A.B. asks: 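The structure under discussion is supplied below as structure tokens; questions concerning it will follow.
We count residues from 1, following the sequence as given. None of the values given here were measured: they were computed from a predicted structure.
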Amino acid sequence: MQSAYINTIGKFLPGKPISNSEIEAYLGTIQQKPSKVKNRILKSNGIQQRYYALDRSHQTTYRNSELAANAVHDALNSSNIEETELDLLACATTWSDLLVPGFGNLVLKELPKFPPLEITSHQGVCCGGIVALNYAVCQIKLGNKSNAIAVSSELASRLFINTKFEAQTEIKQGHKLNFDTEFLRWMLSDGAGACLIQTQPNLRGISLRVDWIESVSYSNAYPLCMYAGAKDDSGNPSWMDYPDYSNAIADGAINLRQNIRLLEEVIKLGVRGWLKLIETGKINLKEVDWFLCHYSSHFFRHQIIDLLEQAGAMIPEAKWFTNLYTKGNTGCASIYLMLEELFNSGKLQSGEKICCFVPESGGFTTAYMMLTVVKGNHIDHNLSGFNKLADEQNLAVPQSPSDYS
């Protein structure tokens, strides 16, 4: 089985950064009443700015598929290949633009220069992006594909526009928005990230060798934690079981909700999986140079640290890297945006190990990933001239950095 390398990482964040004081200008106030819990939630999550694919009149400025396509273009702009050389597009999101077809189909429609190729659509919450990346990596390692793109994108803001809630019976009757939904209104934002995965590392600069990716779910042991399409965490009745769509909307069944009382259990299960990886030898704490942990709120950072310290499995905080506070919580795109910023920061050194930890509240799932920084030879490879010379002299043309040793 051959190796797989992340050779470029792209991103797309719509519009300008939006400060905490501007949020309600973009999302709107419900029944013209400013939120009484917004500031408390923002203080807890620590997010200072985020990005919305909305304007101040609450109109969508980009489709989710457009966010993804822009991130793909950004990844390819710094790559060594043309669009026509791609043979796999793996896409992830929590909430696509359409119910049908899959998100991958919609993203490909935004990329008219791409060749006919295999696409996959992965729906999830925070772990969806890792699942898409894992599929692409596995196809590269198996030798089935040579140049794959994994892209993860979220457009949560349009779910939280005031008019969406003002159509609901409880709000019309003067009741407050359910806290499990209002909580998310001040937590989630928009953005996309994309990784180019190839069979060989970059000849110049750095690459990230994907050592392994694992995920584990306990969905069959717990009620739903983050969900949409039902009034409660039992999943019944489904929004499709209402007599008509207007009844489902009026009952609030379309709302994205999070049972915050279960979040502590999500963190505990994530740490349990972490300890198991240490026990089996997949993770050596002394070898980890960078720790990228996706947490939705600064509040949960302390919980994770406490649990890791109690278990004697703590990664020193000096090795932690996050951009939650400046890029916001972009769900399944968050780990891509963290990797993109670190990858292009100039801080990574050859041989360093990057460990990623992504707990997901949707169905009590956690994903883990280990990467190794690989640095290519700093040689100017103008191979068009070199190939001509090689043909004349009957020389073998080097195809990878190892061929130069």
A.B. asks: For a side-chain hydrogen bond (donor to acceptor under 3.5 Å, both in side chains) with Tyr325, tell me which candidate from His298, Gln49, Gln48 qualifies.
C.D. replies: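 The passing option is His298.
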A.B. asks: Evaluate the criterion side chain to side chain contact (heavy atoms under 4.5 Å, CB included) for residue pair Ser361 and Gln258; output intermediate values, then yes/no.
C.D. replies: CA-CA 8 Å; Ser361 62; Gln258 186 165 61; 2.6 Å; yes
A.B. asks: Does atom CD of Glu22 have more than 12 heavy-atom neighbours, drawn from other residues, nucleotides or ligands, at distances under 6.0 Å?
C.D. replies: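 Yes, because the 6.0 Å sphere around CD of Glu22 holds more than 12 heavy atoms from other groups.
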A.B. asks: Contact between Cys225 and Leu263 at the side-chain level, heavy atoms closer than 4.5 Å - yes or no?
C.D. replies: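 Yes. Closest side-chain heavy atoms under 4.5 Å.
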A.B. asks: Hey, mind stepping through Asp251 and Tyr242 against side chain to side chain donor-acceptor pair (under 3.5 Å) and telling me if it holds?
C.D. replies: CA-CA 10 Å; Asp251 202 29; Tyr242 282 81; 2.5 Å; yes
A.B. asks: Look up atom CG in Leu342 and atom CD1 in Ile9, then write down how far apart they are to the nearest 0.5 Å.
C.D. replies: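 Reported to 0.5 Å precision, the distance equals 8.0 Å.
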A.B. asks: Using the ring of each side chain (for Trp, its six-membered ring), is Trp290 parallel, tilted or perpendicular to Phe321, with breaks at 30° and 60°?
C.D. replies: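 The arrangement is perpendicular - the two ring planes meet at more than 60°.
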A.B. asks: Is there a donor-acceptor contact under 3.5 Å from the side chain of Thr181 to the main chain of Leu256?
C.D. replies: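 Here the side-chain-to-backbone pair exists.
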A.B. asks: How are the rings of Tyr295 and Trp320 set to each other: parallel, tilted or perpendicular (split at 30° and 60°)?
C.D. replies: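 Tyr295 and Trp320: tilted rings.
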A.B. asks: For Thr93 and Ser153, indicate whether the former's side chain and the latter's backbone hold a donor-acceptor pair under 3.5 Å.
C.D. replies: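 Side chain of Thr93 to backbone of Ser153, a donor-acceptor pair under 3.5 Å: yes, one is there.
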A.B. asks: Quick one: do Asp97 and Arg63 make a salt bridge, cutoff under 4.0 Å?
C.D. replies: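 Here Asp97 does not pair with Arg63 in a salt bridge, since their nearest N and O are not under 4.0 Å apart.
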A.B. asks: Just checking Glu264: does its CD atom have more than 12 heavy atoms from other residues, nucleotides or ligands closer to it than 6.0 angstrom?
C.D. replies: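 Not buried by this count: 12 neighbours or fewer within 6.0 Å.
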A.B. asks: I'd like to know if the side chain of Asn323 and the backbone of Thr326 have a donor-acceptor N/O pair within less than 3.5 Å.
C.D. replies: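 Here the side-chain-to-backbone pair does not exist.
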A.B. asks: Measuring only between side-chain heavy atoms, which start at C-beta, is Ile278 closer than 4.5 Å to Trp274?
C.D. replies: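 Of all side-chain heavy-atom pairs linking Trp274 with Ile278, at least one is under 4.5 Å.
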A.B. asks: Given the rule in the side chain to side chain donor-acceptor pair (under 3.5 Å) test, do Gln200 and Asn7 qualify, once you have shown the distances and angles that lead to the verdict?
C.D. replies: CA-CA 9 Å; Gln200 298 292 334; Asn7 283 340; over 6 Å; no
A.B. asks: Can you tell me if CZ on Phe179 sees more than 12 non-hydrogen neighbours from other groups inside 6.0 Å?
C.D. replies: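 Yes, enclosed.
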A.B. asks: CD of Gln2: more than 12 outside heavy atoms within 6.0 angstrom?
C.D. replies: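 It does: Gln2 CD has more than 12 such atoms within range.
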A.B. asks: Verify side chain to side chain contact (heavy atoms under 4.5 Å, CB included) between Arg158 and Asn64, making sure each step is shown before the conclusion.
C.D. replies: CA-CA 10 Å; Arg158 60 186 173 186; Asn64 197 3; 4.0 Å; yes
A.B. asks: Between Thr330 and Glu154, does the side chain to side chain donor-acceptor pair (under 3.5 Å) criterion hold? Intermediate values first, please.
C.D. replies: CA-CA 6 Å; Thr330 53; Glu154 299 282 29; over 6 Å; no
A.B. asks: Do the side chain of Asn20 and the main chain of Leu42 share a donor and acceptor less than 3.5 angstrom apart?
C.D. replies: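 No: the side chain of Asn20 does not pair with the backbone of Leu42.
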A.B. asks: Using a 6.0 Å cut-off, check whether atom CD of Glu85 has over 12 heavy atoms from anything other than its own residue.
C.D. replies: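 Buried by this count: over 12 neighbours within 6.0 Å.
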A.B. asks: Verify side chain to side chain donor-acceptor pair (under 3.5 Å) between Asn77 and Asp74, making sure each step is shown before the conclusion.
C.D. replies: CA-CA 5 Å; Asn77 284 342; Asp74 191 44; 4.8 Å; no
A.B. asks: Using a strict threshold of under 4.0 Å (side-chain N to carboxylate O), is an ion pair present between Lys38 and Glu182?
C.D. replies: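 Judged by the 4.0 Å cut-off on N to carboxylate O distance, Glu182 and Lys38 do not form a salt bridge.
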A.B. asks: Could you tell me if the side chain of Tyr62 sits less than 4.5 Å from the side chain of Phe12, heavy atoms only?
C.D. replies: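 Counting from C-beta outward, Phe12 and Tyr62 do come under 4.5 Å.
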A.B. asks: Find the distance between CG (Leu348) and OG1 (Thr372) and round it off to the nearest 0.5 Å.
C.D. replies: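 Between Leu348 CG and Thr372 OG1, I get 11.5 Å after rounding to 0.5 Å.
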A.B. asks: With no hydrogens and no angle check, is any side-chain donor or acceptor of Tyr52 less than 3.5 Å from a backbone partner on Ser189?
C.D. replies: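 No, the answer is negative, given that no donor and acceptor are paired below the 3.5 Å cut-off.
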A.B. asks: Check whether any side-chain heavy atom of Leu98 lies under 4.5 Å from a side-chain heavy atom of Asn105, and answer yes or no.
C.D. replies: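 Side-chain contact under 4.5 Å: no.
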A.B. asks: Are the side chains of Glu24 and Pro34 in touch, meaning some heavy atoms are under 4.5 Å apart?
C.D. replies: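 The answer is yes, as the side chains (C-beta and beyond) meet within the 4.5 Å cut-off.
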A.B. asks: May I ask you to say whether Lys353 pairs ionically with Asp211, meaning some side-chain N is under 4.0 Å from a carboxylate O?
C.D. replies: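 Between Asp211 and Lys353 there is a salt bridge, with a charged N closer than 4.0 Å to a carboxylate O.
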A.B. asks: To the nearest 0.5 Å, how far apart are CD1 in Ile30 and OG in Ser35?
C.D. replies: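 Result: 7.5 Å between the selected atoms.
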A.B. asks: Is there a donor-acceptor pair under 3.5 Å between the side chain of Glu265 and the backbone N or O of Leu262?
C.D. replies: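 A pair under 3.5 Å: no.
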A.B. asks: Show your reasoning for whether salt bridge (Lys or Arg N to Asp or Glu O under 4.0 Å) applies to Arg185 and Asp180.
C.D. replies: CA-CA 9 Å; Arg185 200 169 187 235; Asp180 288 358; over 6 Å; no
A.B. asks: Does atom NZ (Lys11) have a neighbourhood of more than 12 heavy atoms from anything else shown, all under 6.0 Å?
C.D. replies: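 Count not over threshold, so no.
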A.B. asks: I need the Trp212 CH2 to Ile283 CD1 distance, nearest 0.5 Å.
C.D. replies: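 One finds 4.0 Å between CH2 of Trp212 and CD1 of Ile283.
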A.B. asks: Which atom pair, heavy atoms only, marks the closest approach of Asp190 to Ala156?
C.D. replies: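 Nearest pair, atom of Asp190 first, then Ala156: OD1-N, 2.8 Å.
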A.B. asks: CG/Asn80 to CZ/Arg204 distance, rounded to the nearest 0.5 angstrom?
C.D. replies: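 So the CG of Asn80 and the CZ of Arg204 are separated by 12.0 Å.
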A.B. asks: One pair to check against salt bridge (Lys or Arg N to Asp or Glu O under 4.0 Å): Glu341 and Lys327. What are the steps and the verdict?
C.D. replies: CA-CA 10 Å; Glu341 187 167 323; Lys327 300 298 190 296; 3.0 Å; yes
A.B. asks: Does the pair Lys113 and Glu83 meet the rule for a salt bridge (Lys or Arg N to Asp or Glu O under 4.0 Å), with working shown?
C.D. replies: CA-CA 7 Å; Lys113 294 184 180 180; Glu83 294 167 322; 5.1 Å; no
A.B. asks: Please check if the side chain of Asn344 supplies one atom and the backbone of Glu340 the other of a donor-acceptor pair under 3.5 Å.
C.D. replies: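 Between the backbone of Glu340 and the side chain of Asn344 there is a qualifying donor-acceptor contact (under 3.5 Å).
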A.B. asks: Output the distance between atom SG (Cys332) and atom CG (Leu337), rounded to the nearest 0.5 Å.
C.D. replies: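 Nearest 0.5 Å value for the SG-CG distance: 10.0 Å.
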A.B. asks: Hey, what's the ring geometry for Trp239 with Tyr245, parallel, tilted or perpendicular (30° and 60° as the breaks)?
C.D. replies: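 Plane angle between 30° and 60°, so tilted.
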A.B. asks: Using a strict cut-off of less than 4.0 Å between a Lys/Arg side-chain nitrogen and an Asp/Glu carboxylate oxygen, indicate whether Glu66 and Lys109 qualify as a salt bridge.
C.D. replies: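 Salt bridge flag = no for Lys109 with Glu66.
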A.B. asks: Can Thr94 and Gln123 be said to form a side chain to side chain contact (heavy atoms under 4.5 Å, CB included), step by step?
C.D. replies: CA-CA 5 Å; Thr94 299; Gln123 182 194 13; 6.0 Å; no
A.B. asks: Would you say Ser217's side chain and Thr365's backbone share a donor-acceptor pair under 3.5 angstrom?
C.D. replies: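 Side chain of Ser217 to backbone of Thr365: no pair is present.
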A.B. asks: Leu292 vs Ile335, test: side chain to side chain contact (heavy atoms under 4.5 Å, CB included). Steps then yes/no.
C.D. replies: CA-CA 8 Å; Leu292 276 58; Ile335 194 65; 4.1 Å; yes
A.B. asks: Tell me, yes or no, whether the heavy-atom count around Lys36 atom NZ, taken from other residues, nucleotides or ligands under 6.0 Å, exceeds 12.
C.D. replies: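 Open.
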A.B. asks: Salt bridge (Lys or Arg N to Asp or Glu O under 4.0 Å) for Lys231 and Glu170? Distances and angles first, verdict last.
C.D. replies: CA-CA 12 Å; Lys231 190 64 184 289; Glu170 290 183 352; 3.6 Å; yes
A.B. asks: Counting N and O atoms only, with roles assigned by atom type, does the side chain of Ser207 sit under 3.5 Å from a partner on the main chain of Tyr5, one being a donor and the other an acceptor?
C.D. replies: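 No, because the side chain of Ser207 does not come within donor-acceptor range (under 3.5 Å) of the backbone of Tyr5.
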A.B. asks: Would you call Glu214-Lys282 a salt bridge at under 4.0 Å N-O?
C.D. replies: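 Looking at Glu214 and Lys282, the cut-off is met.
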A.B. asks: Counting only heavy atoms from other residues, nucleotides and ligands, does the tally under 6.0 Å from CD of Gln31 exceed 12?
C.D. replies: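 Yes, the 6.0 Å shell around CD holds more than 12 heavy atoms from other groups.
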A.B. asks: Given side chains that start at C-beta, do those of Cys293 and Thr322 come closer than 4.5 Å, heavy atoms only?
C.D. replies: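 Cys293 vs Thr322: side chains apart.
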